[in-house]
Amino acid sequence: MPDMGFREWIAAGQAIADGQLMRYADKAHYTARFERELGEHVGAKHVLTVNSGTSALIAALAAAGIGPGDEVLVPAYTWMATAAAPVQVGAVPVLVDINETLTIDPEDIRRKITPYTRAIIPVHMVNAPCDMDAIMAIAREHNLIVIEDACQSGGVRYKDRYCGAIGDLGAYSFNKMKNMNIGEGGAVLTNDDAFFVRARSYHDLGAMVRGHEDNFNEKEFVGFNMKVTEIQGAMLRVQLKKVQPLLKRMQKRRAMLAEILSQSPHFKVTPHNDPANAVSLSILAPTREAAIELTQRRGVWNRLRDSSKHVYTNWEPILAKRTFHPKMNAWAWAKRPIDYSPDMCARTLDILDRTCVINLGLRYPDPVMAWIAKKIAL
């Protein structure tokens, strides 16, 4: 993860000293500059900074007009927020299997599409991009909105594009476990003017004020308060400068370790949708038992089946279809029965049972990590 250090401290101090902590104050500029810089970096016309990655997903869904009666396809392996976000706008998540790349399976997307499907949320998990060419082709064929969950892949490339700036909308996260870290925060990315205006309005209670008058004929509607402060914007400008050097180090280390681990007869390196830009590394064992044994070896971080709320079987509120109030229950508005069961995505569970994440060890010299990889491969 990126370090939080002296430069972030200085940036936060400058924002405090300026005395304009609200991002829409007259002389505020840090957050707006970050949005412009991030957009230029990843190729997104519009960027909207919000208070979390979850808020970014909800705002993106609201911007796209997703609501009651709609179905949204989400992978069975992702942080629970991906499935919870549709519920917050009245839509229901439909779970889709992943494939061995650890990302949503385009073939299962096709199988799960119904007349009520309105959107797909592909998730670039653990810095591994989805097969966006296939996903975008399916979406265009069926007239579906694509909202990329790039919360775990900020700054990562898929071929000649950046994750989060390929679909109709994208979501970034800036919490402490992400490629850009300010403790908590998020962003909505889009190239669509109307989607941007709706997301911006939604994140600021629906008010067409504070410089939001360029509304592209969109009318005001009730939203939420998802705004950030200038302290967050100032720190994000520093973090943005760190993300590509970090990912380049990860890419170099990943290539070295993958070459060593690929020679093992006991497992295979997880396939990748864009090997040339790969920055994450995991291995797929032949059995659950073999994967559990691998987790005892130095350099093997964890088994993905043990990653808590990233696995759909641990999404208790989703599986129970339980919201804070029965009259605000998204499943009651669905146009067909939507049921979940612990074994409904058995292929996903099998893959997660057998997949282990490899620690890239960026703080260690190459020879040390090469030695560790050789020990794992034995």
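Heavy atoms only: backbone and side chains are in, while hydrogens, waters and symmetry mates are out. Since this is a predicted model, take the numbers as computed values, not measurements.
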Charged N to carboxylate O under 4.0 angstrom, Asp105 versus Arg110? no
> Is a side-chain N or O of Ser307 found less than 3.5 angstrom from the main chain of His310, in a donor-acceptor match?
Replying inline: no
Item to complete: For side-chain contact (heavy atoms from CB on, under 4.5 Å), just list the numbers for Val87 and Trp331, CA-CA rounded to whole Å, side-chain angles, deciding distance to a tenth of an Å, and then say yes or no.
Response: CA-CA 8 Å; Val87 177; Trp331 291 274; 3.6 Å; yes
Salt bridge or not between Lys45 and Asp193? Use side-chain N to carboxylate O under 4.0 Å.
yes
Establish, for the pair Arg200 and Phe195, whether the NZ or CZ atom is under 6.0 angstrom from the six-membered ring centre and no further than 45 degrees off its axis. no
CA sep, side-chain torsions, deciding dist, call: Lys309, Glu316, side-chain contact (heavy atoms from CB on, under 4.5 Å): CA-CA 9 Å; Lys309 297 289 186 181; Glu316 291 89 351; 2.4 Å; yes
Is it the case that atom CZ in Phe224 sees more than 12 heavy atoms from other parts of the structure closer than 6.0 Å? no
CG of Asp274 to OG1 of Thr101, rounded to nearest 0.5 Å, is 11.5 Å
In terms of side-chain heavy atoms, does Thr348 have a donor or acceptor partner in Asp97 at a distance below 3.5 Å?
-> yes
Answer yes or no on whether Arg157 is positioned over the face of Tyr162, meaning its NZ or CZ is under 6.0 Å from the six-membered ring centre and within 45° of the axis.
yes
- Query: Ring centres of Tyr77 and Tyr312 under 6.0 Å apart?
  - Reply: no
Under a 3.5 Å threshold, yes or no: a donor from one side chain and an acceptor from the other, between Lys178 and Asn181? no
The reported gap from CZ in Arg161 to CD1 in Ile166 (rounded to nearest 0.5 angstrom) is 5.0 Å
**Study point:** Sidechain N-carboxylate O distance under 4.0 Å for Glu35, Arg23
**Key:** yes
Separation between CG (Asp168) and OG1 (Thr190), nearest 0.5 Å, reads 7.0 Å
Between Glu71 and Lys112, does at least one N-O distance fall below 4.0 Å, as a salt bridge requires?
-> no
Worksheet entry | Any donor-acceptor N or O pair under 3.5 Å, side chains Asn273, Thr103 | yes
Paired with Asp366, the salt bridge (Lys or Arg N to Asp or Glu O under 4.0 Å) test is passed by just one of Arg249, Arg253, Arg254, namely Arg253
>> With no hydrogens and no angle check, just 3.5 Å: does a side-chain donor-acceptor pair link Asp18 and Tyr30?
In response: yes
Self-check item: Verify same cluster id: Trp79, Ile121 (apolar side-chain graph, 4.5 Å)
Solution: no
- [ ] State yes or no: do Tyr116 and Tyr340 share one hydrophobic cluster built from I, L, V, M, F, W and Y residues joined by side-chain heavy-atom distances below 4.5 Å, directly or via other members?
- [x] no
Notebook entry, point to check: Side chains of Leu73 and Asp108: closer than 4.5 Å at any heavy-atom pair?
Noted result: no
* Got a sec: does the CH2 of Trp333 have more than 12 other heavy atoms crowding it under 6.0 Å? -> yes
### Note: Asp350-Arg347 ion pair, threshold 4.0 Å (strictly below)
no
Notebook entry, point to check: Should Lys159 and Asp131 count as an ion pair when the cut-off is N to O under 4.0 Å?
Noted result: no
Handout entry: Pairing of Asp339 and Lys321 as salt bridge, 4.0 angstrom limit
Key = yes
* Determine whether Leu360 and Val279 fall in the same hydrophobic cluster, where Ile, Leu, Val, Met, Phe, Trp and Tyr are linked whenever their side-chain heavy atoms lie under 4.5 Å apart. => yes
| query | Should the pair Lys27-Glu230 be classified as a salt bridge under the 4.0 Å nitrogen-to-oxygen rule? | reply | no
Surrounding CD of Glu259 (heavy atoms of other residues, nucleotides or ligands, distance under 6.0 Å), is the total greater than 12? no
task: Could you check Val47 against Val188 for side-chain contact (heavy atoms from CB on, under 4.5 Å), going step by step and ending with a plain yes or no?
output: CA-CA 6 Å; Val47 174; Val188 180; over 6 Å; no
